[in-house]
Student: 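Pasting a structure below so you can have a look.
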Amino acid sequence: VEFVSREGQDAMYKSMALRKACCHVRKMEPLARALAGQLAWITGLRREQSDARAEVPDIDRSAQEADPTQALKFNPLADWTWGDVWHYIATEQVHYNPLHDQFYPSIGCAPCTRAISLGEDFRAGRWWWEQESAKECGLHAL
């Protein structure tokens, strides 16, 4: 509320610094609170999602190496492909976000996510107004 009151409803579109500040308020701070005191957390990061994620490890100890009080990060789907994910969803009858059926392969905050068109990159719908290299919010700083 304070961020929007101070910077405006569309602040994230004005500069990368404001977009990252918005991500910090809406994502980074809540995650930090959720992980406080936890030993580990599990993500759905996959290497094929983007060039920035191509080297994501199965177990990421980097935060813990920098600060032993930080939770260990497990990435059990790191080797999975988009096909692997959807095969598992179908065979195990896993519920999924219906936005995927509307061409949203990567879903984030509402103002920063759009559907993609045929042939676009998997993460093209995230922060589409920014350069390709800027497609991370900071939750998974690599």
Student: Sequence neighbours excluded, which residues qualify as side chain to side chain contact (heavy atoms under 4.5 Å, CB included) partners of Arg33?
Tutor: Glu29, Pro30
Student: Run the side chain to side chain contact (heavy atoms under 4.5 Å, CB included) test against Val4 and tell me which residues pass, sequence neighbours left out.
Tutor: Gln9, Arg26
Student: Who else is in the cluster with Ile116 when I, L, V, M, F, W and Y are joined by side-chain contacts under 4.5 Å?
Tutor: none
Student: Hey, is the main chain of Trp82 close enough, under 3.5 Å, to the side chain of Glu48 for a donor-acceptor pair?
Tutor: yes
Student: Scan for ring pair (Phe, Tyr, Trp, His ring centres under 6.0 Å) pairs involving residues 5-36, sequence neighbours excluded, and state none if there are none.
Tutor: Tyr13-Trp129
Student: Can you list everything that forms a side chain to side chain donor-acceptor pair (under 3.5 Å) with Asp51? Sequence neighbours excluded, please.
Tutor: none
Student: If you look at every heavy atom in Thr113 and Trp128, which pair is closest and at what distance?
Tutor: N-CZ3, 3.6 Å
Student: Can you list every salt bridge (Lys or Arg N to Asp or Glu O under 4.0 Å) pair that touches residues 5-15, not counting sequence neighbours?
Tutor: none
Student: Going by the rule salt bridge (Lys or Arg N to Asp or Glu O under 4.0 Å), which residues pair with Asp84 if we only count those two or more places apart in sequence or in a different chain?
Tutor: none
Student: Under the criterion side-chain contact (heavy atoms from CB on, under 4.5 Å), which of Ile42, Asp58, Thr43 is the partner of Asn75?
Tutor: Thr43
Student: Tell me which donor-acceptor pairs under 3.5 Å the side chains of residues 98-112 have, and how far apart each pair is, sequence neighbours excluded?
Tutor:
residue : atom : partner : partner atom : Å
His100  : ND1  : Tyr104  : O            : 2.9
Asp101  : OD1  : Tyr96   : OH           : 3.0
Asp101  : OD2  : Tyr96   : OH           : 3.0
Ser106  : OG   : Arg123  : NH1          : 3.2
Ser106  : OG   : Arg126  : NH1          : 2.9

Student: Checking Arg61 now: which residues fulfil salt bridge (Lys or Arg N to Asp or Glu O under 4.0 Å) with it, not counting sequence neighbours?
Tutor: none
Student: Assigning hydrophobic clusters by single linkage (Ile, Leu, Val, Met, Phe, Trp, Tyr; side-chain heavy-atom cutoff under 4.5 Å), is Trp80 placed with Ile59?
Tutor: no
Student: Who passes side chain to side chain contact (heavy atoms under 4.5 Å, CB included) against Glu2, sequence neighbours left out?
Tutor: none
Student: When clusters are formed by joining ILVMFWY residues with side-chain heavy atoms under 4.5 Å apart, either directly or through shared neighbours, do Val85 and Phe122 land in the same one?
Tutor: yes
Student: If we check side-chain contact (heavy atoms from CB on, under 4.5 Å) with Val56, which of these qualifies: Arg46, Arg47, Lys73?
Tutor: Arg47
Student: Please determine which of Lys20, Glu130, Arg19 meets the side-chain contact (heavy atoms from CB on, under 4.5 Å) test together with Met12.
Tutor: Arg19
Student: Looking at every heavy atom in both Ala78 and Pro57, which two are closest together, and how far apart are they?
Tutor: CB-O, 4.4 Å
Student: Between the side chain of Ser117 and the main-chain N/O of Glu120, is any donor-acceptor distance below 3.5 Å?
Tutor: no
Student: Would you please name every residue forming a side chain to side chain contact (heavy atoms under 4.5 Å, CB included) with Ala40, sequence neighbours left out?
Tutor: Leu72, Phe74
Student: Which atoms form the tightest heavy-atom contact between Phe3 and Leu18, and what is the distance?
Tutor: CZ-O, 3.5 Å
Student: At their closest point, which heavy atom of Asp60 faces which heavy atom of Ser62, and how far apart are they?
Tutor: OD1-OG, 2.6 Å
Student: So, using side chain to side chain donor-acceptor pair (under 3.5 Å) as the criterion, who are the partners of Thr69 when residues are at least two apart?
Tutor: Asp67
